[in-house]
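Notes follow the structure.
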Amino acid sequence: MENTIVKTLIYDKQVRLFFVDNTKLINEILRINKGTNKVLKHALGKTISVVSLISGTLKGDQRISLQMAMSNPKYKVFADADAKGNVRGCLNGELLKISNDPNNKISLDRLIGNKGTIRVIKGSAMNQFTGITDMPYRNIVDDISHYFIQSEQTQTYIGANLGFGNDNCVLFSNAIFAQLLPGAKPDLIDRVKHTVNTNQEFFTNLNKVSKNNIDKKLSKLFKDVQVMGYSPVQFFCGCSKEMFFGMLHSLSQNELKQAINNKETIETACQICGRTYRFNHNEIQGLLK
């Protein structure tokens, strides 16, 4: 059940409930990102965890891209996913600088402040919706729930748990998404939230539950459980060398000519996956034609 979204309906089809154990996925992405500050690793991990789960709500060529900007707008967190469960995310360069500064005592509450915003682009290439909300809770997960309540005008509950070991590796990561369907009783969302909060051990140990037993386990927590299906989540960046050719144009003509004359190689790295791309002097020469 690792890296697999479980899609269910509960309470006589009044609530859709999705959840996932994405421990392996979050470990993989956090290893790639170079940030060392645990507060920011926690923030990035939870953001990606929630977005990975929301990928289960997408269809066809739809995708969701989430950008979180702190009160200082130069500090940003990114995450996106598509309907196939391909997920990626990162801290931007400015946030990485303070993440790797041992003398910088970071507080997520202070970073988000009273001007933090969440910007989401959701949909297909031909039909996209963009929404922006504030971050009144300053804790990411509740703020993303707030975004969905505001943008979709539907009672939504999102939860995410993330635990680190002494070696900064992720011990567990799981997320849950519950949303009322049309005609549902309004109090059901509070019942779901209470059940989740009082049964954290079940969701922390999802990787130990087989598909054959998931409906039986869930039926102990919720009424009228129907498992509707499963979908995978996995890290996928999608970057390529061709994508980074454009970045070479940010260099001056003199810098490019110097690299060509000295037969130097220019290196650039993808901030999301860490993959390095090298351009030799012959390739650089093509930019000057």
Side-chain angles (χ1 to χ4, degrees), residues 1-8 17-58 62-66 68 77-91 95-96 99 140-141 144 158-178 196 199-215 217-218 221 227-239 269-276:
M1 294 298 292
E2 290 179 316
N3 287 357
T4 301
I5 299 172
V6 183
K7 304 177 181 181
T8 74
L17 177 74
F18 291 5
F19 54 90
V20 65
D21 180 309
N22 50 26
T23 306
K24 286 186 176 181
L25 170 70
I26 302 306
N27 250 328
E28 181 179 4
I29 295 178
L30 291 186
R31 278 197 300 266
I32 292 169
N33 279 266
K34 305 302 181 182
T36 57
N37 181 275
K38 185 172 285 189
V39 170
L40 290 178
K41 287 170 73 77
H42 198 271
L44 177 60
K46 281 200 170 184
T47 302
I48 296 171
S49 180
V50 171
V51 170
S52 76
L53 180 55
I54 293 171
S55 73
T57 69
L58 305 176
Q62 290 181 335
R63 68 180 308 112
I64 180 169
S65 297
L66 184 149
M68 191 177 303
V77 179
F78 301 97
D80 67 49
D82 63 22
K84 296 179 180 178
N86 295 317
V87 183
R88 60 183 181 173
C90 66
L91 305 173
L95 208 47
L96 277 175
S99 176
I140 294 180
V141 175
I144 297 177
I158 296 175
N161 291 304
L162 183 65
F164 289 92
N166 294 329
D167 57 357
N168 270 349
C169 282
V170 177
L171 292 178
F172 61 86
S173 174
N174 57 77
I176 187 165
F177 174 87
V196 171
N199 292 275
Q200 289 294 335
E201 185 177 353
F202 170 80
F203 295 98
T204 301
N205 293 293
L206 282 174
N207 61 330
K208 299 177 183 178
V209 181
S210 68
K211 288 184 178 180
N212 294 332
N213 293 325
I214 193 67
D215 55 343
K217 294 286 187 180
L218 276 177
L221 304 180
V227 178
M228 306 305 293
Y230 306 88
S231 60
V233 289
Q234 59 278 321
F235 171 69
F236 177 74
C237 179
C239 67
C270 176
Q271 185 177 332
I272 294 174
C273 70
R275 188 177 291 118
T276 299

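Atoms considered below: every heavy atom in the structure, side chains included; atoms not considered: hydrogens, waters and symmetry mates.
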For the residue pair [X] and [Y], establish whether any side-chain heavy-atom pair is separated by less than 4.5 Å.
| X | Y | result |
| --- | --- | --- |
| S55 | V233 | yes |
| D80 | R88 | yes |
| I144 | L66 | yes |
| N3 | Q234 | no |
| Y230 | I214 | yes |

Ignoring hydrogens and geometry, is there a side-chain-to-backbone donor-acceptor pair from D82 to G85 under 3.5 Å?
-> yes
Any donor-acceptor N/O pair, T204 side chain to Q200 backbone, under 3.5 Å = yes
Should we count NZ of K7 as having more than 12 external heavy atoms under 6.0 Å?
-> yes
Over 12 foreign heavy atoms within 6.0 Å of CG, N166 | no
Got a sec, which pairs hit ring-ring contact (aromatic ring centres under 6.0 Å, His included) with one end in residues 19-58, sequence neighbours left out?
-> F19-F203
Under the 6.0 Å and 45° cation-pi test, does K41 pair with F164?
-> no
Out of curiosity, I29 CD1 to L44 CG, how far, rounded to the nearest 0.5 Å?
-> 7.5 Å
What's the spacing between T8 OG1 and L17 CG if we round to 0.5 Å?
-> 4.0 Å
Could you walk me through whether D21 and T23 pass the side chain to side chain donor-acceptor pair (under 3.5 Å) test, one step at a time?
-> CA-CA 6 Å; D21 180 309; T23 306; 3.0 Å; yes
